[in-house]
Amino acid sequence: MEGTFREQLFFVVLCLSVLKGDARYMEENEITPEGLFSLLNSELKREIPEELIYSRPLRCLDMVAAEGQFTFTADRPHLSCAAFFIAEPNQVINVEYDSVDIDCRGGDFIKVFDGWVMKGEKFPSSQDHALPLMERYVDYCDSGTVRRTVRSSQNVAMVFFRVHTVGSSFTLTVRKPINPFPCNIISQTPEGSFTMVIPQQHRNCSFSIIYPVEIKIAELSLGHLNDFPIKSMPGCAGAGDFVELLGGNGMDPSKMFPVADLCYNFNGPAQMKIGCDNTVVRMVSSGRFVNRVAFQYRLLDRQELQRIKVNSVEDFCFTG
């Protein structure tokens, strides 16, 4: 398990080196991949008694997968910082401001983003998130005195921050409450299983796996009895309720390539290998039915990737 987390974090570090948009402030970071690996491995899957609070310093560039209290103290001007927060698929992120000592008027800021930003792309995409893009940013300097807690809509969130003055600091407490109907998820690992349920709600939900993987759809129930075949190109949009498999090298599902559409009920398995940096299972729901999809996924090995590459006629990434 430790190796998979190392691979996941290494991908994040690579992405961070070319971040654009709001994440451009991170370009001057000096943190090393080895430092991030040690931090993440020290806290992932940590089990702490409820009466104790896990605490540690927050780095200018950080990945946080544990509940606890995190304090950033500036030892020099830090103009380009961000912390990635991730929880289990059935959890959301609560970020609480415990104490804040920064100079908002002097250009300091702390902004919580509802999702992740990588390479200028955002997850969840604007099509799949209930809030307009600008409402997904919560700036402490604008709202901190009246809004001390920010909750994400899914299992990932980010905190961007800029601190000019040595000694300025802030402390955040991160909690991960249960989400009974998870929607829009980034997997922590390249292998696992998940069941996505949308209970008569007009919404779209994406499950993102930041690896090339084999997807096995075990069950698909869309609340109607339409008998459509699996299609290699988009063709289910008229059905109103469907699942699509997407592949690409970015984070935004709306910018990824359609691999297959599924818009009929069946008990699987139906499987497909997708040799992209990011694989997404996305469910579109009209709100008229209770929709459900259950699937498994596993990391493709190098030999499988090579075979897919040789046999594929697609040029965006490799499917098989």
Do the side chains of Asp128 and Arg203 get close enough for a salt bridge, i.e. N-O under 4.0 angstrom? no

So, the side chain of Thr71 versus the backbone of Thr171: is there a donor-acceptor pair under 3.5 Å, distance only? no

Determine whether Val280 and Ile86 fall in the same hydrophobic cluster, where Ile, Leu, Val, Met, Phe, Trp and Tyr are linked whenever their side-chain heavy atoms lie under 4.5 Å apart. no

Using every non-hydrogen atom in the two residues, find where Met158 and Phe84 come nearest and quote the distance to one decimal. CE-CZ, 3.6 Å

Are any side-chain N or O atoms of Asn278 and backbone N or O atoms of Gly250, one a donor and one an acceptor, separated by less than 3.5 Å? yes

Could you tell me if His129 and Asp114 have a donor-acceptor pair between their side chains, going purely by distance under 3.5 Å? yes

Kindly indicate whether the side chain of Pro199, heavy atoms from C-beta on, has any atom under 4.5 Å from the side chain of Phe181. yes

Just by modelled atom types, is the Asp301 backbone N or O under 3.5 Å from a matching donor or acceptor in the Glu304 side chain? yes

Start with the C-alpha distance between Ile217 and Gln271, add both sets of side-chain angles, then the distance that settles side chain to side chain contact (heavy atoms under 4.5 Å, CB included), and finish with yes or no. CA-CA 6 Å; Ile217 306 293; Gln271 63 189 54; over 6 Å; no

Minimum side-chain heavy-atom gap Thr279-Tyr211 below 4.5 Å: no

If you take all heavy atoms of Ala87 and Lys176, which pair is closest and at what distance? CB-CD, 3.3 Å

Side-chain contact, heavy-atom cut-off 4.5 Å: Val290 with Val197? yes

Could you check Ile210 against Ile186 for side chain to side chain contact (heavy atoms under 4.5 Å, CB included), going step by step and ending with a plain yes or no? CA-CA 8 Å; Ile210 312 177; Ile186 292 180; 3.9 Å; yes

Min side-chain heavy-atom separation Pro89-Gln154 under 4.5 Å: no

Side chain to side chain contact (heavy atoms under 4.5 Å, CB included) evaluation trace for Ile110 with Ile102: CA-CA 9 Å; Ile110 307 171; Ile102 65 172; 3.7 Å; yes

Kindly indicate, with the supporting measurements, whether the criterion salt bridge (charged side-chain N to carboxylate O under 4.0 Å, His left out) is fulfilled by Glu96 and Arg148. CA-CA 6 Å; Glu96 304 174 12; Arg148 305 293 296 186; over 6 Å; no

Hey, is the main chain of Leu222 close enough, under 3.5 Å, to the side chain of Asn265 for a donor-acceptor pair? yes

If every non-hydrogen atom of Met196 is compared with every non-hydrogen atom of Val281, which pair is closest and at what distance? CE-O, 4.1 Å

Output yes when a side-chain donor or acceptor of Glu121 lies under 3.5 Å from a complementary backbone atom of Asp252, and no otherwise. yes

Please give me the minimum heavy-atom distance between Thr165 and Ala74, naming the atom from each residue. O-CB, 3.5 Å

Please evaluate residues Arg282 and Glu244 with respect to the criterion salt bridge (charged side-chain N to carboxylate O under 4.0 Å, His left out), reporting the C-alpha separation (whole Å), side-chain torsions for both, the decisive distance (0.1 Å), and the verdict. CA-CA 5 Å; Arg282 182 173 183 262; Glu244 57 183 351; 2.6 Å; yes

Would you name the heavy atoms of Phe161 and Arg59 that are closest together and state the gap between them? CZ-O, 3.7 Å

Side chain to side chain contact (heavy atoms under 4.5 Å, CB included) for Asn204 and Ser206? Distances and angles first, verdict last. CA-CA 7 Å; Asn204 306 327; Ser206 295; 6.0 Å; no

Any side-chain donor-acceptor pair under 3.5 Å between Asp241 and Asn291? yes

For Tyr297, which residues count as a ring pair (Phe, Tyr, Trp, His ring centres under 6.0 Å) partner, sequence neighbours excluded? Phe207

Is there a side-chain contact between Ile185 and Asn90 (heavy atoms, below 4.5 Å)? no

Is the side chain of Ser152 donor-acceptor paired with the backbone N or O of Ile93 at a distance under 3.5 Å, no angle test? yes

If only atom types and distance count, is the side chain of His202 paired as donor or acceptor with the main-chain N or O of Ser285 below 3.5 Å? yes

State which residue, out of Asp98, Val100, Val159, fulfils the side-chain contact (heavy atoms from CB on, under 4.5 Å) condition with Leu172. Val159

May I ask you to check whether Tyr97 and Tyr140 place their ring centres under 6.0 Å from each other? yes

Quick one, Glu219 and Val293 - any side-chain contact, counting heavy atoms below 4.5 Å? no

Would a distance-only check, ignoring hydrogens and angles, find a side-chain to backbone donor-acceptor pair under 3.5 Å from Asp108 to Asp103? yes

Could you tell me whether the side chain of Asn94 reaches within less than 4.5 Å of the side chain of Pro177, counting heavy atoms only? yes

Side-chain H-bond candidate by donor/acceptor type, Thr73 with Ser169, under 3.5 Å: no

Short question: side chain of Gln201, backbone of Ile198 - any donor-acceptor pair under 3.5 Å? no

Which heavy atom in Ser125 sits nearest to a heavy atom in Pro253, and how many Å separate them? CB-CD, 3.9 Å

Side chains of Gln91 and Ile178: closer than 4.5 Å at any heavy-atom pair? yes

Any side-chain donor-acceptor pair under 3.5 Å between Asp101 and Ser168? no

Does the ring centre of Phe266 sit less than 6.0 Å away from the ring centre of Tyr264? yes

Do Arg175 and Glu67 sit within salt-bridge range, that is, some charged N less than 4.0 Å from a carboxylate O? no

